[in-house]
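Per chain, numbering begins at 1; letters A, B, ... match sequence-line order. Quick caveat, the model's predicted, so the values are computed rather than measured.
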2 protein chains.
Amino acid sequence: MSENAESYDPSRYERPSVTVDVVIFTLQDRELHVLMVQRKHWPYEGRWALPGGFINMDESLEQAARRELEEETGVRDIYLEQLYTFGEPGRDPRTRVISIAYIALVSADKQTLRVSDESTDVRWFAISQLPGPLAFDHDTILAAALDRLRSKLEYTTLAFQLLPEVFSILELKHIYEQILGEKLDKGNFYRKIKDAKVLEDTGIRREGRGRPTSLYRFRRNRGDEQFVFRWREARVDDAEG
Amino acid sequence: MSENAESYDPSRYERPSVTVDVVIFTLQDRELHVLMVQRKHWPYEGRWALPGGFINMDESLEQAARRELEEETGVRDIYLEQLYTFGEPGRDPRTRVISIAYIALVSADKQTLRVSDESTDVRWFAISQLPGPLAFDHDTILAAALDRLRSKLEYTTLAFQLLPEVFSILELKHIYEQILGEKLDKGNFYRKIKDAKVLEDTGIRREGRGRPTSLYRFRRNRGDEQFVFRWREARVDDAEG
DNA sequence: CCTTTTAGTGTTAAATATACAATAAGTATA
DNA sequence: TATACTTATTGTATATTTAACACTAAAAGG
């Protein structure tokens with residue numbers, strides 16, 4: 001019994017390594033992208049992998065994820081949520097590694113602040129153009145992250161995290177389409193988003209060729225609680241609940 | 001970068017301990033119960049805690065959870081799902097312990113097979129009558145488990161896992177009413193449950209005063225995948241989506 | 001035969017979702 | 001000034017889902 005072990009002597013137990021891996025999503029060129037790093041050494045030399053790293057003994061799991069995120073993108077204070085913990089014995093050929101996977105959403109305006117430059121081996125990839133099979137079980141992790149993203153999109157305001165501070169309704173609709181992978185009806189979308197009252201008109205307009213776009217801001221609750229705005233009523237389960 | 005570390009030398013890193021904790025639910029006397037073990041030693045001597053234990057180097061996380069579950073209840077082959085991973089640095093005063101929490105559902109008939117008998121310190125508690133503050137952060141873990149359970153009940157077949165092997169449709173309806181806290185329409189319930197095709201007629205009847213009750217069995221998928229039977233289409237939130 | 005209980009079917013109203021059409025409003029540019 | 005382009009919004013018809021309630025049938029016991 002875990003913490004209930006009668007006589008506990010840390011040195012008596014062989015311990016796995018523990019890491020965090022972060023699936024960092026952003027919207028670039030109107031398409032959903034994921035951050036990947038290219039491996040230089042065995043195993044999986046040359047393959048692309050999710051950014052991640054060992055947890056320090058004195059930081060929480062989420063802090064570790066935020067640290068990794070910042071190291072790779074220079075971004076702070078963004079949406080982060082724990083996805084799932086992957087720990088199959090054979091997933092890393094070197095030793096037993098248990099990885100707690102996190103999902104991060106980087107908004108379009110913050111994403112350009114990226115400082116990461118361990119050279120050319122860090123890149124954003126469109127999810128429709130992922131580079132071959134990924135290292136380790138990262139294909140599985142990424143698939144799980146996408147699943148989660150899609151299912152949460154339908155009944156939370158998660159999508160707003162990918163947008164800049166200020167955005168138009170059609171931009172929001174575009175995000176929904178990107179992630180859900182289907183076209184949505186313009187009229188119905190306007191109706192629904194307005195009825196939900198999650199938007200705050202900034203009064204600002206962005207002018208262009210046609211009628212100027214009204215720009216909105218996501219109306220946050222106090223704290224960082226998520227608004228409950230459901231795009232669809234129905235949703236189909238996903239493995240992690 | 002986790003598995004991406006350039007030069008990886010296991011011995012160079014200080015490692016946390018990794019455990020699994022299992023929140024084992026069952027239905028007893030028409031009420032939801034949780035299995036707890038009482039601690040005999042420091043820390044949290046005398047406090048109740050969730051069963052759990054260290055993972056072995058050659059078993060998967062789920063295998064570890066199943067092993068712990070069997071050690072405590074003697075039960076095998078039941079519903080198990082990963083809940084969340086808890087890893088705050090201070091959650092165990094002895095050392096850094098990261099715990100992957102699982103939810104297990106034990107059906108009413110299997111629950112009596114419990115073999116566990118490390119004496120009096122293993123007990124089922126009604127969730128309405130939990131014993132004081134639990135050890136470690138187990139109050140938090142339990143609360144998270146309850147949240148997840150309640151929200152998944154409405155759009156999955158989770159409820160079946162709490163029923164005995166063989167049951168009647170009206171018994172199933174009763175469980176739904178208990179958990180949702182409202183009366184359901186008999187006719188609509190029959191229709192919905194039949195249309196979902198998640199039941200298998202056992203052919204057995206239970207006779208009594210009126211027309212005999214047909215007894216059914218939950219039709220499992222191969223593997224341990226959950227059937228997707230939604231009592232309601234809509235549902236709000238749970239943390240892990 | 002009458003009662004009791006399970007096990008359904010039928011029917012309808014209301015609410016939601018979906019698809020598609022139409023149009024107004026404001027700006028740029030030819 | 002005309003028209004083209006884009007955002008923004010309303011209208012409507014159809015389909016699907018949910019919900020409530022009434023009704024029938026089956027099987028057994030007394």
Side-chain angles (χ1 to χ4, degrees), chain A residues 30 150-151 153-156 159 163-164 166-177 180-219 228-237, chain B residues 153-156 163-164 166-177 179-219 228-236:
Chain A
R30 317 193 104 209
R150 291 206 171 102
S151 77
L153 186 71
E154 301 194 358
Y155 61 98
T156 67
L163 284 168
V166 158
F167 53 86
S168 78
I169 293 188
L170 285 187
E171 281 165 357
L172 179 62
K173 168 171 168 284
H174 188 79
I175 292 225
Y176 270 86
E177 289 175 337
L180 294 178
E182 57 183 305
K183 289 285 287 177
L184 300 176
D185 183 85
K186 186 167 51 111
N188 294 341
F189 193 87
Y190 269 99
R191 234 184 313 241
K192 207 146 197 174
I193 203 75
K194 291 275 174 158
D195 291 351
K197 299 203 186 76
V198 291
L199 294 189
E200 208 175 80
D201 197 333
T202 60
I204 308 167
R205 315 261 139 147
R206 186 167 47 200
E207 311 199 342
R209 260 208 298 287
R211 171 176 175 173
T213 309
S214 292
L215 296 181
Y216 295 85
R217 171 182 300 123
F218 174 50
R219 213 177 79 199
V228 181
F229 160 68
R230 266 161 277 146
W231 166 247
R232 287 216 184 88
E233 284 301 306
R235 63 175 281 264
V236 182
D237 180 23
Chain B
L153 270 167
E154 300 195 0
Y155 61 98
T156 66
L163 283 167
V166 158
F167 53 86
S168 77
I169 293 188
L170 286 187
E171 279 165 359
L172 179 62
K173 170 170 167 284
H174 186 257
I175 291 231
Y176 270 89
E177 288 176 339
I179 296 165
L180 296 177
E182 56 184 304
K183 289 285 285 177
L184 301 176
D185 183 84
K186 186 167 54 110
N188 293 340
F189 193 87
Y190 270 99
R191 227 184 319 243
K192 207 147 196 174
I193 204 75
K194 291 275 173 162
D195 291 352
K197 299 204 187 80
V198 291
L199 294 189
E200 208 175 81
D201 197 331
T202 60
I204 308 167
R205 316 263 137 145
R206 187 166 46 200
E207 310 197 344
R209 264 205 295 287
R211 174 175 171 172
T213 308
S214 291
L215 295 181
Y216 294 85
R217 169 183 301 125
F218 174 52
R219 212 178 79 200
V228 181
F229 160 68
R230 269 161 276 146
W231 169 247
R232 287 221 182 84
E233 286 301 305
R235 217 29 8 180
V236 183

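Using a 4.0 Å cut-off, some side-chain N or O of A/Tyr190 falls inside it from OP1 or OP2 of D/dA8. At D/dT6, one or more side-chain N or O atoms of A/Arg209 fall inside 4.0 Å of OP1 or OP2 (strictly under the cut-off). The phosphate of D/dA8 has neither OP1 nor OP2 within less than 4.0 Å of any side-chain N or O from A/Lys186. Within the 4.0 Å cut-off from OP1 or OP2 of D/dA8, not a single side-chain nitrogen or oxygen of A/Thr213 is found.
The nucleotide whose nearest atom lies closest to any side-chain atom of A/Glu207 is, among C/dT27, C/dT6, D/dT7, C/dT27. Ranking C/dA17, C/dG8, D/dA8 by closeness to the B/Ile169 side chain, first place goes to C/dG8. The side chain of A/Lys192 approaches C/dA17 more closely than any other nucleotide in the set C/dA17, D/dA27, C/dT27. Looking at the side chain of A/Pro212, the nearest of the listed nucleotides C/dT27, C/dA25, D/dA25 is C/dT27.
In this model, a side-chain donor or acceptor of B/Arg191 finds a partner on the base of C/dG10 within 3.5 Å. Applying the 3.5 Å distance criterion, the base of C/dA17 shares no donor-acceptor pair with the side chain of A/Asn188.
C/dG8 atom P lies 12 Å from atom CD1 of B/Ile193, rounded to whole Å. Computed from coordinates, the A/Lys183 NZ to C/dC20 C1' distance equals 14 Å when rounded to whole Å. When rounded to the nearest whole Å, the span between CZ of A/Arg211 and P of D/dT7 equals 10 Å. Summarising the geometry, the separation between CG on A/Leu170 and C1' on D/dT9 is reported as 12 Å, rounded to the nearest angstrom. Following rounding to the nearest Å, B/Asp195 (CG) and C/dA7 (C1') show an atom-to-atom distance of 14 Å. We find that CD of A/Glu182 is positioned 14 Å from P of C/dA17, with the value rounded to whole Å. The CG atom of A/Leu184 sits 9 Å away from the P atom of C/dT18 (whole-angstrom rounding). Between the CD atom of B/Glu177 and the C1' atom of D/dA19 there is a distance of 15 Å, given to the nearest Å.
Among the heavy atoms of the strands, none lies under 4.0 Å from B/Ser168.
The two atoms that bring B/Tyr176 and B/Leu184 nearest to each other are CB-CD1, 3.7 Å, heavy atoms only. Residues B/Leu215 and B/Ser168 come closest through the heavy atom pair CD2-N, 3.8 Å.
We find the CZ-CG distance between B/Arg191 and B/Asp185 to be 7.5 Å, quoted to the nearest 0.5 Å. Residue B/Tyr216 holds its OH atom at 11.0 Å from CG of B/Leu172, rounded to the nearest 0.5 Å.
Closest-nucleotide positions on DNA chain C for B/Gly210 and B/Tyr216 were compared, and the one nearer the 5' end corresponds to B/Gly210.
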Criterion side chain to side chain contact (heavy atoms under 4.5 Å, CB included) on B/Tyr190 and B/Leu170, from CA distance to verdict: CA-CA 9 Å; B/Tyr190 270 99; B/Leu170 286 187; 3.6 Å; yes
